[in-house]
Structure formats: C-alpha cells, structure tokens
Amino acid sequence: MPSPGEGRVPGSFRDPSGFLFRHRGRVYRHVAARYADDYTLLMESGLHAALVAAGDLVGHEEVADVAAPDAPPAFRTLLPEQIDMLSWPYEWCFGQLRDAALLTLRVHRRALEHGMALKDASAYNVQFRRGRPVLIDTLSFARWDPSEPWVAYQQFCKHFLAPLALMAKVDVRLAGLLRVHVDGIPLDLASALLPWGTRLSPRLATHLHLHARAQRTWGDAAGAGKTVPKPSFSRNAMIGLVGSLEKAVRGLRWEPAGTEWADYYARTSYDAEGLRQKAERVGAMIDEVDPESAWDLGANDGRFSRLAVERGARTVAWDLDPAAVERCWRACREEQIDLLPLVLDLTNPSPGLGWAHAERASLADRGPVDLVMALALVHHLAIGNNVPLDRIAAWLVRLGRALIVEFVPKSDPQVRRMLATREDVFPDYTPQRFEAAFSRHAALVRVEAVPGTERTLYLFRAGVPREERVTSTRS
Amino acid sequence: MPKASSPIPVVLATSMLALAVPGTALAYLDPGTGSMILQGLVGALLAAGVALGLFWERVKRLFTGHRPEEEQPTATADKTDAEPR
C-alpha cells in the first residue's frame, strides 16, 4: 500500500502523454504509450541533450524497476532531476516571470531547430534551480508541423505576456491576478486593463489587444455555426512569431523603486556595525541548526538568507515587497547565488489552488523546512496585522522545525513609528509574553541580545523537549 | 452582445484560408480558434519579416565579406552539438 504522499502528483493530470507520481520520496514521470514517437524523437534528435546541456531542461534517467500505480504499462518511466522547492508564478517577481517567459521561447526555438515544437507554454512548467529558470516538463514537446500555427500561443500570452505587460505598464502588484486566474490572465481582461497607449506598440497590440479581439470574434465560432477558416502557417511564420514574442517580452521592463521597503536598510535601527553583529549571531544560530532547507520570512533583499545559503541550506527568501524580491533576484542572478527569492504576503499566504485545492500546493504544504528565520518580522505581524503572539508562534512551528526569531520591543524606533498613528492595543507585546508564547510551541534553545539595539534574537526548536538547556548572553 | 465591427480580418481570413477546424496531433490544449486564426492572419507578415531579415543578412555579407559557415553535417557529428536548421 502506498504511504501518504505517494502516488500521482495532484497537479499532473491534463496531458495524456504522461504524468508525475511519487514513489519512496522521489518524483517519477510515467511516459504513456501514445507519447512514444515524440519521446523517441526528443531523445534521438539531439534536442533533449542540447536543452539539458544548456541548463534549460531538467535531465532524467530512464528507470526499469519503478512503475506508476494504477496505470497502464508505461512506454518509459523517468526519474527526473528532483526540484527541491516548487514555486508558483504568482510568487515570482517581475524579473523571474520575464526570465521564465524568455526560457520558454528559447526552448521552443531550439525545439524548432530539431523538428519539434512546444505543445504547451504553461508558466507552471518552469521552476527555478540554482538562480536560473528551467523547464521541468519533459513531455512538452511534439513533432513540428510547420503548416500549423503554434498550439501554445494562447497559453503563452495568458501565462506570460499578459501578466508581464500588466506589471510593467499598469502596476507590478497585478501579478496577483495570476493567483486568481491559475490558467493565465484572460486576454480580454488584460486588454481592458492595459493603458490605451499599449495599442501603439505593434507587438502588444497584436499579441494582446488584437488577440483578445480575435478570441471575441471567433471564440464560439464553431458553436454558433460559423464557418471557421483554417489558418495557414509556415516555417518562417513560426520563426517570426517566436521572434516577435521575444521582442515583446524584452521590451517590457520594470525597475524596483519607490515601493514601501525599497530602502529598508537605509532607515532601520541598524548601523553597519549593528548589522555585522546581528549577522554574526544569526550565522552562529544557523550553524547550530545545520539546516538542509531554510525559509527566510520577510527577507527583504536576502542579506540574512545568504547566511543560510553560505552554510549549504537550500534557501528561499520570502518577502512581501516585489521591489525587494526583484532586487534580490537580480543580485542572485548576477552573483550566481543559489537563493530563491519569492513574493509572499504572510498575512495571506499562498493557499492550495487549482482542482480540489491540490494542483498548486500552499505555502504550508511545501514545508516544513529545517529552519525558519523571522528577523524583524514579528512586530509587523503582531502590531501591523494584530495577530496574537501565540498564533504567530503556532504558525511558524508549522513551517519550520527550528526558528530564529528576532523580537523588536515597543521602545525600538521601528515599532514606535508603527504605534505613532494608532492606539496601542497590544499590552501583551513584551519580551516576556513573547518568550512565553513561543515556548508553548517550541523549545527555547538560545537567546542573544543584539549589541547597540534593544532587539533580541531567539533560537527555538519545535518538537524538542522543553527542558533542553537554554544558553543566554543576556545580562 | 457587441461584436467586432471591422470586417477586414474576417474577409482576409476567409479569402486567404481553406475551411477546416484547426488541430494538431497530440495537442491536449484547446488552442483557441481565435488564437489560431490570428496567427494565420499575422503569419504572412511575420514570415515576410523573417525572409527580409535573411535577405538583409546576405546583403550585409556581400559588403562585409563574411561567408556563412559551411554546414556539412557529418555522420560522426556529435548529436549534442548538432543544430540542424
């Protein structure tokens, strides 16, 4: 009998060419008999090898001793390179979505050179690995018939071009529409929201506005008894289409500036020495946990997340602010740091989405990780969002087996600023109540004062007996 | 229900193209009839652009003296590097 979490992956059911399943903690891919010809062409044309060598497609090995449960015999069973942390397009910053779009077009172009084409262009087929986007769906390729238009054109525009255009031309927060529309932003909606001036851009006018209009005109043509014209296409038309989409994507830019947190470190309670001291203490606590996986919640530009990366942990830097995440992403890409920055509103974290709530796992369902870092975060949840300390503790121990939490007292300038314009209804927001609340859910392991500030760092372990010895540097 | 008023794309589409339902072998997505027709409409333009680009490359080569690399795939060519065009 399969253990919990074994069996078919819930989000893998649309394409009859195959599906993913879990077996003994690993994800495998069942390749159906109907996909045999395309799989053979993918492997024998050199396309697979070229894409894997370029880092654009996950590699795999064919296995003979594992088979999917409750499925007809597979043509092949694959063990793909495992992706440790799945992220969803509504968690990506502008630059990540843009890079994922360019990857999709690059892969399609490379496929055309080998006589194949992408048969889908879903943003969910892209994940991030070592600071780069990578296509994870080995079954996305089909033999190219140059007389046919691109079957994935609509999906590409809904999953990539529409959200990118809305983020660049209207407001970067419109990325949130991807959370509502899990199969991409409807083109009529994108067309209605985009400024009129985008109709003057030939590429956006064609791929978004005219595209929306064509859908309106022809969407129900067959049902309405209209004669539907068969579109003719050609090799050069496809190459031109890919080039046009590439230029459309490259033409969309967004610079991270002017958002709430963009200059956070320029106006925090820390000077350079204070930051160094804090980093030293956080680093020592990470060493003590020795995590394989870490989530830094409220990571801003990821400077403390890097401490976990440097210690070999697969780390995600989560932040509410798309500008901070964008900055972090650019730095990681440039410096080739294996850190995944993602956008997340902790007061309303990513839920389980799609069919049966199960296609796109929630934040909690992708955990727990070995270590959760919550530095200069708790006051934003407790005072900024009125969440009782006990609930914060209960939530964080669901996400991580160990916690590094910074407590920022009411006397700190940051908290004073937050309370300046509102009534202080937080009598429980004290270090003692904080410690007591967290100690109900996790064992306090270490307490460190941060010199030069009134802030304190705590290390907790969830599920560890409470009597574990507490070391403290507090006087 | 308002419908697109301009008849030009429709006339172009119906005059240029044969009548049939779009479809691709093994395609599991609904490609969207409107999306397929739009590609048909702009495809000729895009193809002309590509052809013009290739022509322009040749003209440039005439003046810069660059010759295109010999593209003679050999039986021993490493498949990893082969990029047939």
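We name chains A, B, ... by the order of the sequence lines, and we start the count at 1 in each one.
- Of the listed residues (A:H211, A:R14, A:Q215), the one with the most heavy-atom contacts under 4.5 Å to chain B is A:H211.
- For the residue pair A:H159/A:Y124, the side-chain donor-acceptor check at 3.5 Å is not satisfied.
- Between A:R213 and A:D188 there is no salt bridge, since none of the side-chain N atoms of the basic residue sits less than 4.0 Å from a carboxylate O of the acidic one.
- Ranked by non-hydrogen atom pairs under 4.5 Å with chain B, the options A:I239, A:D120, A:T206 are led by A:D120.
- Only the side chain of A:S234 has a heavy atom closer than 4.5 Å to any heavy atom of chain B.
- The neighbour count for B:L45 CG, taken as heavy atoms of other residues, nucleotides or ligands under 6.0 Å away, does not exceed 12.
- Residue B:D30 holds its CG atom at 11.0 Å from CD of A:Q155, rounded to the nearest 0.5 Å.
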